[in-house]
Amino acid sequence: MLGGGVEAVVMNYYRHIDRSKVQFDFLVDEDSTRVPEDEITALGGRIFRIPPYQHPIRYRRALIRLMREQRWPIVHSNINTLSVFPLSAAKKVGVPVRIAHSHSTMGKGEFAKNAMKLVLRPFANVYPTVRFACSRYAGKWLFGKNADFTVIPNAIELDKFRFNAETRKQTRKELGIPDDTFLIGHVGRFMPQKNQTFLVDVLAGLLPRRPDAMLAFVGDGPDRTAVQQHVEELGIADHVLFLGQRSDVNCLYQAFDVFCLPSLYEGLGLVGVEAQRAGLLCLFSDAIPREVDVTGASRFMPIASPEEWVSFISAIESGTRISSSEKVFSDYDISENAQKLTSMYLKLFEKK
């Protein structure tokens, strides 16, 4: 657990499932940096720390030992191609319900990670008894085009992210952003997949046309220092905010004028759904599944060059908001989806 999107999805569901019928225990790698222990404990869950998967022998031994001891009837793995490890251990000790959940795909620029994914992907259908995915695209990528899987939406608290003009005004005041400043927003972990340096280049190209523009990064991660150095090298540090890991992301969306996600790949892109719920016009890389476009107003652009992004963003007015009906977001309502997931778990439990 590193504070990423998958963890946010799991915790959203955990907060809203019927915990009188279904309870979660969390198996997390020892090198996790952001485990919400207090919240998990308060909700009745337990946390088991195990050696990181980079130490496969110790990792597998710990998995087998815990699964034998705890006798969980359902193991739900949320680590994509790496699910082969916990689910093979679960099968070995006789766990009857084994769920593989695809949250991502792969893209250019991560040779070692992609090589590992390609080696492990053929085993994606060997150990699970049930297959989930965050999108049709992510499910087909991991399990195969003709595989049987269920899409579990990356659901959110819809009211929490709804646009509020007063929240926008207050958040901008707290950030020191004038009302007439054009603010580009990005939420994501600093890692190669998220491609944040591209956004820095977009801002650099935009400033001659819109000298009032600023860029706000929300999140943390191993690439943050490199992105900050790139900002310094371009001499635009006065126009970039590094806000770090935040618990008020819903408020920050209100302060943005446009949301950009230039990822090299995504399973869906939960932050894109959140941003659209806040009424933001969203610009996504053309490597992101079109399923993320909930409102039908999002733009998908290539990331070969920042010029197209610069041209499009330069025409957006500050304060722009996209109006959408409540109905378009109904599939992403966490309350309804958590009830459905609770029912799924109970049916799987009964069939075991």
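For this chain, numbers begin at 1 and follow the sequence in order.
- Atom CZ of Arg61 has 12 or fewer heavy atoms from other residues, nucleotides or ligands within 6.0 Å.
- Nearest approach of Asp293 to Ser298, heavy atoms of both residues: OD1-OG, 3.0 Å.
- Between His76 and Phe24, the distance separating the two ring centers is not shorter than 6.0 angstrom.
- More than 12 heavy atoms of other residues, nucleotides or ligands sit less than 6.0 Å from atom CZ of Phe26.
- Just one of Asp159, Leu158, Asn154 meets the side-chain contact (heavy atoms from CB on, under 4.5 Å) condition when paired with Ile156; it is Leu158.
- By the 4.5 Å side-chain criterion applied to Ile, Leu, Val, Met, Phe, Trp and Tyr, Phe143 is assigned to a cluster that also includes Met106, Leu118, Trp141, Leu142, Phe149, Val151.
- In this structure, Asp223 contributes its side chain and Ala226 its backbone to no donor-acceptor pair below 3.5 Å.
- In this structure, Ser285 contributes its side chain and Ser263 its backbone to a donor-acceptor pair below 3.5 Å.
- Around the CD atom of Glu69, the shell of radius 6.0 Å holds more than 12 heavy atoms that belong to other residues, nucleotides or ligands.
- At distances below 3.5 Å, at least one donor-acceptor pair connects side-chain atoms of Gln276 with backbone N or O atoms of Val292.
- Side chain of Trp309 to backbone of Leu206: no donor-acceptor contact under 3.5 angstrom is found.
- Residues Glu326 and Arg162 are paired through a salt bridge, judged by an N-O separation under 4.0 Å between the basic side chain and the carboxylate.
- Between the Asn80 side chain and the Ser104 main chain, a donor and an acceptor come within less than 3.5 Å of each other.
- Taking the centre and axis of the six-membered ring of Phe300, the NZ or CZ atom of Arg290 falls inside the cone set by 45° and 6.0 Å.
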**OP:** Apply the test side chain to side chain contact (heavy atoms under 4.5 Å, CB included) to residues Glu274 and Tyr253: give CA-CA distance (whole Å), side-chain angles for both, the deciding distance (0.1 Å), then the verdict.
**Re:** CA-CA 8 Å; Glu274 294 173 345; Tyr253 286 123; 2.7 Å; yes
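- The side chain to side chain donor-acceptor pair (under 3.5 Å) pairs that include a residue from residues 197-207 are Asp201-His230, where partners are two or more places apart or lie in different chains.
- Judged purely by atom type and a 3.5 angstrom limit, Asp29 has no side-chain atom pairing as donor or acceptor with the backbone of Asp31.
- Leu280 pairs in a side-chain contact (heavy atoms from CB on, under 4.5 Å) with only one of the listed residues (Phe161, Phe163, Phe256), which is Phe256.
- Val84 and Phe132 are members of different hydrophobic clusters when ILVMFWY side chains are connected at heavy-atom separations under 4.5 Å.
- When side chains are defined from C-beta on, Lys140 does not count as touching Ser102, because their heavy atoms never get closer than 4.5 Å.
- No donor-acceptor pair under 3.5 Å is formed between the side chain of Asp248 and the backbone N or O of Cys251.
- Listed by first then second residue, pairs satisfying side chain to side chain donor-acceptor pair (under 3.5 Å) with a partner in residues 4-28 read Asn12-Arg15, Tyr14-Gln23, Arg15-Glu39, Asp18-Ser20, Asp25-Arg46, Asp25-Trp72, not counting sequence neighbours.
- In this structure, the side chain of Lys117 does not engage the main chain of Thr81 through any donor-acceptor pair within 3.5 Å.
- Put simply, the side chain of His101 does not reach to within 4.5 Å of the side chain of Ser77, judged on heavy atoms.
- When all heavy atoms of Cys282 and Ala275 are compared, the pair lying nearest together is SG-CB, 3.7 Å.
- Taking the side chain to side chain contact (heavy atoms under 4.5 Å, CB included) definition, one finds that Ala297 meets it with Thr295, Ile322, sequence neighbours left out.
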Subject >> Candidate pair Ser324 and Arg277, rule side chain to side chain donor-acceptor pair (under 3.5 Å), full reasoning >> reply: CA-CA 8 Å; Ser324 303; Arg277 181 59 177 171; over 6 Å; no
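- With sequence neighbours excluded, no residue forms a salt bridge (charged side-chain N to carboxylate O under 4.0 Å, His left out) with Lys160.
- Side-chain atoms of Glu266 never come within 3.5 Å of backbone atoms of Ile288 as a donor-acceptor pair (strictly under, hydrogens ignored).
- Closest of all the heavy-atom pairs between Met1 and Ser32 is N-OG, 2.8 Å.
- Leu264 and Pro192 get closest at one heavy-atom pair: CD1-O, 3.5 Å.
- Between Thr181 and Asp212, the closest heavy-atom pair is CG2-O, 3.0 Å.
- Across all non-hydrogen atoms, the minimal contact from Glu232 to Ala237 is OE2-CB, 3.7 Å.
- For Glu291 and Tyr137, the side-chain atoms include no donor-acceptor pair closer than 3.5 Å.
- Using a 4.0 Å cut-off between charged side-chain N and carboxylate O, Arg246 and Asp220 make no salt bridge.
- In the hydrophobic clustering of this structure, Ile313 does not group with Leu183; members are Ile, Leu, Val, Met, Phe, Trp, Tyr whose side-chain heavy atoms approach within less than 4.5 Å, directly or through other members.
- Side-chain atoms of Ser311 never come within 3.5 Å of backbone atoms of Glu308 as a donor-acceptor pair (strictly under, hydrogens ignored).
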**OP:** Tell me, with the steps shown, if Glu317 and Thr320 meet side chain to side chain donor-acceptor pair (under 3.5 Å).
**Re:** CA-CA 6 Å; Glu317 294 183 10; Thr320 296; 5.3 Å; no
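- Taking the ring centre of Phe182 as origin, the terminal cationic atom of Arg210 falls inside the region bounded by 6.0 Å and 45° from the ring axis.
- The ring pair (Phe, Tyr, Trp, His ring centres under 6.0 Å) test applied to His186 returns Phe217, not counting sequence neighbours.
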